[in-house]
Every structure is written in C-alpha cells, then in structure tokens.
Asker: 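Encoded as structure tokens, here's the structure I'll be asking about.
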Amino acid sequence: MEENVSNDPVVAIVGVTGAVGAEFIATMDDPNVPLVIPEINANRIRDHKGIIANPNCAAITALVPLWPIHQKNGIKRVIISTYQAASGAGAAAMDELVESTRANLNGQVYTPKVMPHPYAFNLFNHNTAVDPETGYNDEETKVIKETRKIFEDEKIAIGVTCVRVPVLRAHCEAITFECEKPISEDQVRAIMAQAPGVKLVDDRVKNYFPMPIDASGQDDVLVGRIRKDLSDPSGHSISMFVAADQLLKGAALNAVQIAELLPQRVMA
C-alpha cells in the first residue's frame with residue numbers, strides 16, 4: 001500500500017492508503033480532517049482545516065459502488081472480504097512476488113524479505129498488525145472506521161476480512177450487503193449502470209466478471225457477480241464482486257480528483 005502526499009498553498013491532501021506512520025492514522029481519525037471520496041462526499045472538502053485525507057484503498061474500492069445503493073435503499077449491514085494485490089504494499093512487495101514466483105518455478109528456496117510469509121502461490125492475512133483483543137488487523141479496522149466516517153453513519157454494521165493474494169496489481173473484494181428494504185438484482189444493476197466511477201462487468205453467459213487483469217490501468221471500479229444473497233430469505237441482501245486499480249482510484253486518482261475540486265469547493 002502506498003502513501004501519497006500532494007501540497008497546495010492552502011491545503012495538503014494526505015493519502016493514507018498504505019503502511020504509514022501513526023501520525024497519519026491519527027490525522028484520519030481527527031473529526032476536523034475530511035476523509036474524501038469525490039463520488040460520495042466532495043462537499044466535505046470545504047470543511048478542511050488545512051488537511052484533507054485520502055481514504056484507504058480497500059475502503060475506496062468498496063464504497064464507490066456501495067454509496068449509490070445506500071442513497072436509494074439504506075444499507076444496514078455489509079460484509080467485505082478483500083483480495084489485495086502486491087501493489088498495495090509497494091514496489092518492493094511486487095518485486096518479491098515476481099522473484100519468489102520465479103524461484104519457486106525453478107525449484108529454488110526463496111526467503112521472504114518484505115512479506116511475513118512466502119508470497120508465491122500463497123495467500124495470507126493482510127500484512128498489518130493484528131489487534132490481540134479483537135483479532136482484526138489494522139487494514140480491517142481502517143475499512144470499518146472509514147466506512148462509518150465517509151457514510152456519516154455510526155450505526156452501519158460492518159464485517160471485514162482482508163487478505164493478501166499473489167496478484168501484482170489491482171484489488172478485488174467480495175461484498176454482501178443488507179438494505180433496509182427489499183432490493184433486487186435488476187435494481188442494483190440499474191444503479192450501477194448510472195453510478196459515477198463504476199463500470200458494470202456482469203456477463204453470466206460468458207462467465208465474465210471483474211478481474212484484476214482488467215481493472216489494472218482503469219480509473220473505474222469494476223462491478224459484477226450481482227446476485228441475491230440466498231442466506232437472506234427476506235430479499236434485503238445482495239452479493240457482488242468488485243475490482244479496482246489500487247494505484248489509481250485506490251490512491252493517486254482519488255487524490256487528483258480532490259485536488260481538481262479544490263478551486264470550486266474551497267477557493268471560490
């Protein structure tokens with residue numbers, strides 16, 4: 001994951017989508033520091049006191065498609081499982097994935113230097129500290145806190161499991177959400193088709209859905225696998241699968257979008 005900091009004579013945009021210092025995490029928790037995804041809460045840019053925070057990449061990937069649904073039919077509960085690429089841990093992690101994969105295929109032993117576990121042909125708990133009391137890692141805790149702050153809803157129930165997978169670039173997430181009122185697959189597809197920052201990729205006939213290889217280099221969050229959650233007979237829940245380029249919408253692009261809005265939102 002990466003840290004992106006952009007300076008302006010009036011405001012600093014601080015990106016905390018990576019393993020950075022505690023002072024940056026504290027900044028994001030500060031109620032006086034707006035945490036902004038332009039498709040959701042661009043109006044909060046004007047509330048800044050000199051700093052605007054760029055959200056965590058896993059949160060951005062989930063919230064861009066969830067927000068337009070939440071506006072139409074309030075989301076009460078969401079369960080997110082992430083499949084996070086090496087790019088989220090920086091260039092060194094990407095190099096380690098390539099080098100360890102090459103070594104593995106050549107029958108050689110490779111000792112991890114960046115990741116806590118062997119990366120080639122493996123996946124593991126996200127490489128952030130695990131709270132011994134809650135059992136949640138720091139990445140999961142960020143997603144929970146940031147969702148509530150950005151949606152401005154402390155009551156929304158959130159469960160998150162964050163996992164590092166052996167993919168070079170672009171994160172994926174499996175998301176199941178429960179709404180206040182019944183909601184159908186067709187309603188969700190219609191909302192996604194019009195949602196800013198979203199591209200619908202949902203072809204059951206061709207078995208073609210969001211993939212990291214397609215999301216890489218794309219500005220939009222890819223959304224598909226939209227289907228009823230069969231564990232909820234009330235018809236209030238939907239499951240879907242999303243993919244987004246962590247280096248673009250999950251980091252730099254989001255910061256650039258904030259910067260582009262500054263003149264009209266702050267200086268006008």
Side-chain angles (χ1 to χ4, degrees), residues 28-29 31 34-44 53 55-84 126 131 133-163 171-202 209-210 220-244 249-250 254:
M28 292 184 69
D29 288 338
L35 187 61
V36 175
I37 301 175
E39 291 89 345
I40 299 175
N41 61 343
N43 61 302
R44 289 300 177 194
N56 173 273
C57 54
I60 293 174
T61 300
L63 300 188
V64 168
L66 286 176
W67 175 248
I69 297 167
H70 187 58
Q71 289 183 298
K72 298 282 187 180
N73 188 347
I75 294 174
K76 298 166 50 181
R77 183 170 183 259
V78 59
I79 303 296
I80 302 169
S81 295
T82 74
Y83 307 77
Q84 292 180 240
H126 191 276
D131 186 320
E133 295 296 323
T134 67
Y136 280 76
N137 61 48
D138 286 346
E139 185 84 346
E140 293 159 350
T141 301
K142 285 182 200 174
V143 173
I144 292 170
K145 289 183 176 181
E146 292 182 19
T147 298
R148 289 173 176 158
K149 182 172 181 176
I150 293 167
F151 276 23
E152 299 183 18
D153 184 357
E154 289 296 320
K155 294 182 179 180
I156 188 169
I158 311 164
V160 187
T161 300
C162 292
V163 173
H171 295 345
C172 293
E173 299 181 7
I175 303 172
T176 296
F177 59 89
E178 179 185 358
C179 292
E180 294 173 354
K181 300 176 291 186
I183 189 166
S184 70
E185 300 171 10
D186 288 341
Q187 287 175 317
V188 173
R189 288 192 189 92
I191 294 170
M192 292 296 93
Q194 301 297 321
V198 168
K199 180 179 180 182
L200 193 60
V201 182
D202 197 39
F209 304 104
D220 292 334
V221 178
L222 309 185
V223 178
R225 294 293 329 269
I226 298 168
R227 62 206 189 278
K228 292 180 181 178
D229 172 16
L230 299 181
S231 71
D232 178 7
S234 72
H236 289 233
S237 301
I238 293 287
S239 294
M240 61 186 188
F241 193 76
V242 305
K249 185 53 187 172
N254 198 76

Asker: Are the side chains of Asp220 and Val198 in touch, meaning some heavy atoms are under 4.5 Å apart?
Answerer: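 Side chain of Asp220 against side chain of Val198, heavy atoms only: no contact under 4.5 Å found.
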
Asker: Quick one: does Gln194's side chain have a donor or acceptor within less than 3.5 Å of a partner on Ile191's backbone?
Answerer: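 No, because the side chain of Gln194 does not come within donor-acceptor range (under 3.5 Å) of the backbone of Ile191.
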
Asker: How close do Val143 and Ala59 get, counting heavy atoms only, and between which atoms?
Answerer: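 Closest approach of Val143 to Ala59: CG2-N, 4.1 Å.
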
Asker: Once you round to the nearest 0.5 Å, how far does CH2 of Trp67 lie from OG1 of Thr147?
Answerer: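 Separation between the atoms: 11.5 Å.
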
Asker: Considering only heavy atoms from C-beta outward, does the side chain of Glu146 approach that of Leu35 to under 4.5 Å?
Answerer: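 Touching, per the 4.5 Å side-chain cut-off.
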
Asker: For Thr134, which residues count as a side-chain hydrogen bond (donor to acceptor under 3.5 Å, both in side chains) partner, sequence neighbours excluded?
Answerer: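 Scan of Thr134 (side-chain hydrogen bond (donor to acceptor under 3.5 Å, both in side chains), adjacent residues dropped) gives none.
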
Asker: Looking only at heavy atoms, which two atoms of Ile60 and Gly250 are closest? And how far apart?
Answerer: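 Answer, listing the atom of Ile60 first, then Gly250: CD1-O, 3.9 Å.
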
Asker: Verify side chain to side chain contact (heavy atoms under 4.5 Å, CB included) between Ile175 and Ser239, making sure each step is shown before the conclusion.
Answerer: CA-CA 6 Å; Ile175 303 172; Ser239 294; over 6 Å; no

Asker: Checking side chain to side chain contact (heavy atoms under 4.5 Å, CB included) for the pair Ser237/Phe177: CA distance, chi angles, key distance, verdict?
Answerer: CA-CA 5 Å; Ser237 301; Phe177 59 89; over 6 Å; no

Asker: Donor-acceptor pairs under 3.5 angstrom involving side-chain atoms of residues 75-82: please list them, not counting sequence neighbours.
Answerer:
from	atom 1	to	atom 2	distance (Å)
Thr82	OG1	Gln84	OE1	2.7
Thr82	OG1	Val163	N	3.2

Asker: Rounded to the nearest 0.5 Å, how far does CE of Met240 lie from CG of Asp229?
Answerer: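 Taking CG in Asp229 and CE in Met240, the distance rounds to 12.5 Å.
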
Asker: Please confirm whether the backbone N or O of Ser234 pairs with a side-chain atom of Asp232, one donor and one acceptor, at under 3.5 Å?
Answerer: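 Such a contact is found between Asp232 side chain and Ser234 backbone.
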
Asker: Pair Lys249, Asn254 - check side chain to side chain donor-acceptor pair (under 3.5 Å), show working.
Answerer: CA-CA 5 Å; Lys249 185 53 187 172; Asn254 198 76; 2.7 Å; yes

Asker: With salt bridge (Lys or Arg N to Asp or Glu O under 4.0 Å) as the rule and sequence neighbours excluded, what pairs involving residues 182-194 come up?
Answerer: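 Residue pairs with at least one partner in residues 182-194: Glu185-Arg189, Glu185-Arg204, Asp186-Arg189, Arg189-Asp202.
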
Asker: Please report the C-alpha distance between Val223 and Val201 in whole Å, then the side-chain angles of each, then the deciding distance to 0.1 Å, and finally whether the side chain to side chain contact (heavy atoms under 4.5 Å, CB included) criterion is met.
Answerer: CA-CA 6 Å; Val223 178; Val201 182; over 6 Å; no

Asker: Work out which heavy atom in Pro65 is nearest to a heavy atom in Thr61; give both atom names and the distance.
Answerer: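 Scanning both residues completely, I find the closest heavy atoms to be CD-O, 3.2 Å.
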
Asker: Under the side chain to side chain contact (heavy atoms under 4.5 Å, CB included) rule, what do Ile238 and Arg227 come out as? Steps first, then yes or no, please.
Answerer: CA-CA 6 Å; Ile238 293 287; Arg227 62 206 189 278; over 6 Å; no

Asker: Are Ile69 and Ile183 packed together at the side-chain level, in the sense that at least one heavy-atom pair is separated by less than 4.5 angstrom?
Answerer: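 Of all side-chain heavy-atom pairs linking Ile183 with Ile69, at least one is under 4.5 Å.
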
Asker: Side chain to side chain donor-acceptor pair (under 3.5 Å), that's the test. Do Asn56 and Glu139 meet it? Break it down for me.
Answerer: CA-CA 8 Å; Asn56 173 273; Glu139 185 84 346; 3.1 Å; yes

Asker: Can you give me the closest heavy-atom contact between Ala243 and Cys172, atom names plus distance?
Answerer: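 For Ala243 versus Cys172, the nearest heavy atoms are CB-SG, 3.6 Å.
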
Asker: Any idea which heavy atoms bring Ile158 and Ile144 closest together, and the distance?
Answerer: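 Closest pair (atom of Ile158, atom of Ile144, distance): CD1-O, 3.5 Å.
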
Asker: Quick one: list whatever passes side-chain hydrogen bond (donor to acceptor under 3.5 Å, both in side chains) with Glu178, sequence neighbours left out.
Answerer: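 If we apply the side-chain hydrogen bond (donor to acceptor under 3.5 Å, both in side chains) test to Glu178, skipping adjacent residues, there are no hits.
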
Asker: Who are the salt bridge (charged side-chain N to carboxylate O under 4.0 Å, His left out) partners of Glu152, not counting sequence neighbours?
Answerer: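 Listed in chain order: Arg44.
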
Asker: Test Lys145 against Glu140 for salt bridge (Lys or Arg N to Asp or Glu O under 4.0 Å), laying out the working first.
Answerer: CA-CA 9 Å; Lys145 289 183 176 181; Glu140 293 159 350; over 6 Å; no

Asker: Taking all atoms of both residues into account, what is the closest heavy-atom pair of Asn73 and Pro182, and its distance?
Answerer: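 Where Asn73 meets Pro182 most closely, the heavy atoms are ND2-O, 3.3 Å.
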
Asker: Please confirm whether the ring centroid of Phe151 lies under 6.0 Å from the ring centroid of His70.
Answerer: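 Yes, close enough.
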
Asker: Measure the spacing between CG of Leu222 and NZ of Lys199 and express it to the nearest 0.5 Å.
Answerer: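 These two atoms lie 6.5 Å from each other.
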
Asker: Drop me the distance from Asp138's CG to Asp131's CG, to the nearest 0.5 angstrom.
Answerer: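 Taking CG in Asp138 and CG in Asp131, the distance rounds to 8.0 Å.
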
Asker: I'd like to check the side-chain hydrogen bond (donor to acceptor under 3.5 Å, both in side chains) partners of Glu173; sequence neighbours left out, ordered by chain and number.
Answerer: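 So Glu173 forms no side-chain hydrogen bond (donor to acceptor under 3.5 Å, both in side chains) with any residue.
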
